[in-house]
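Data first, discussion second: the structure below is written as structure tokens.
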Number of protein chains: 2
Amino acid sequence: MDKHLDKIFAALADPTRRTILNMLLEDDMAVTDVAEPFEMSLTAISKHLIVLMQAGIISQEKRGRVKWCKLEPDALRDASIWMQSFGQLEAINLEAFESFLHQELEKDTTVTF
Amino acid sequence: MDKHLDKIFAALADPTRRTILNMLLEDDMAVTDVAEPFEMSLTAISKHLIVLMQAGIISQEKRGRVKWCKLEPDALRDASIWMQSFGQLEAINLEAFESFLHQELEKDTTVTF
DNA sequence: TGCATATTCAACCAAATGGTTGACCGTTCG
DNA sequence: CGAACGGTCAACCATTTGGTTGAATATGCA
């Protein structure tokens, strides 16, 4: 059926990969730099990055001899929508929306409904 | 690190298990009834249900010789929060929040920030 | 040119996953 | 009681997953 969701959820099921995503949240990174904090071979990290890329959660672009990894947060949308179909997540959306609101207010932006 | 998230995402990564969750969205079901539409042994489905239970996404309660399976949608909260930390899901949150707001307004409740 | 750096490839391994089958156990019912 | 039903257990199997190591490739730099 929905192999795309398979890949996204499977990619997120590994703690190393979730940590990598958190790192990429800060900034784009080269493969070697992603691997640095882990007690694991560069090859292993390279494989994790491939899994994330095949799930569409990150993209990789080679510039010179360096391959840059970039978060593609939009890819999580389908999975997020799927999860929200199970309802009873309104409270969370509220929290998330409130923090979003606060950010916007700090930017002195008018928010209207 | 966060083994709970590991289990939730891994549980969601299988299409059979996601289909089961969709079925349970309708109503609580006995193990045999869950298994009925699948071209797969009862044992296999039983195992899938154990995976879902160990992830906390469903609960199982035995009454007589029948084991009833029940959705526990709150369990998806952690995973949903984690995913939302990747931002750029505001559009979705906004939609969800708006429908939440509409519900609240229909209840004639004052919503303030 | 020649060396260092960045990354992947290939082969291998152990453990986990998703499935099967047949025997088993507890419960209900004629 | 004894048979049928609901479900699990145990053993097994093939495939996938997450990791290793050593060699290979490609780029940058002195």
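Sequence lines set the chain letters: A, B, ... in the order given, protein chains first and strands last, and positions in each chain run from 1. Because the structure is predicted, anything quoted here is derived from the model rather than measured.
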Using the test side chain to side chain donor-acceptor pair (under 3.5 Å), find all partners of B:Glu26 that sit at least two apart in sequence or belong to another chain. none

Check B:Leu24 against B:Cys69 and note the closest heavy-atom contact, atom names and distance. CD2-O, 3.5 Å

Least distance between heavy atoms, A:Ser80 atom then B:Met83 atom: N-CE, 3.6 Å

Distance check, rounded to the nearest 0.5 Å: B:Ile20 atom CD1 versus B:Asp14 atom CG? 8.0 Å

For B:Asp2, does its backbone N or O pair with a side-chain atom of A:Arg18 as donor and acceptor, under 3.5 Å? yes

To the nearest Å, how far apart are B:Leu49 CG and D:dG6 P? 15 Å

Non-hydrogen atoms of B:Trp82 and A:Leu12 that approach each other most closely: CZ3-CD2, 3.7 Å

Nearest-Å distance for atom pair CZ/P, residues A:Phe9 and D:dT17: 16 Å

Let's see if you get this right: which residues in residues 63-71 of chain A place a heavy atom under 4.0 Å from DNA chain C? A:Arg65, A:Val66, A:Lys67

Could you go through residues 42-53 of chain A and list every donor-acceptor pair under 3.5 Å that involves a side-chain atom there, pairing it with any protein atom two or more places apart or in another chain?
from, atom 1, to, atom 2, distance (Å)
A:His48, ND1, A:Arg17, NH1, 3.1

To the nearest Å, how far apart are A:Arg18 CZ and D:dG18 P? 12 Å

Would you list the pairs meeting salt bridge (Lys or Arg N to Asp or Glu O under 4.0 Å) in which at least one residue belongs to residues 56-71 of chain B, sequence neighbours left out? B:Glu61-B:Arg63

Comparing B:Lys62 with A:His48, nearest DNA chain D nucleotide closer to 5' gives the residue B:Lys62

What are the 5'-most and 3'-most nucleotides of DNA chain C lying under 4.0 Å from any heavy atom of chain B? C:dG18 to C:dT28

Which atom pair, heavy atoms only, marks the closest approach of B:Ile8 to B:Ala55? CG1-O, 3.6 Å

Which part of the nucleic acid does B:Ala30 contact within heavy-atom distance under 4.0 Å: base, sugar-phosphate only, or nothing? sugar-phosphate

Selection: residues 31-47 of chain A, any non-hydrogen atom under 4.0 Å of DNA chain C: A:Val31, A:Thr32, A:Leu42, A:Thr43, A:Ser46, A:Lys47

Please find the pair of heavy atoms, one from B:Gln54 and one from B:Lys7, that lie closest to each other, and give the distance. O-CD, 3.8 Å

Can you name the nearest heavy-atom pair linking B:Asp33 to B:Pro37, along with the distance? O-CD, 3.5 Å

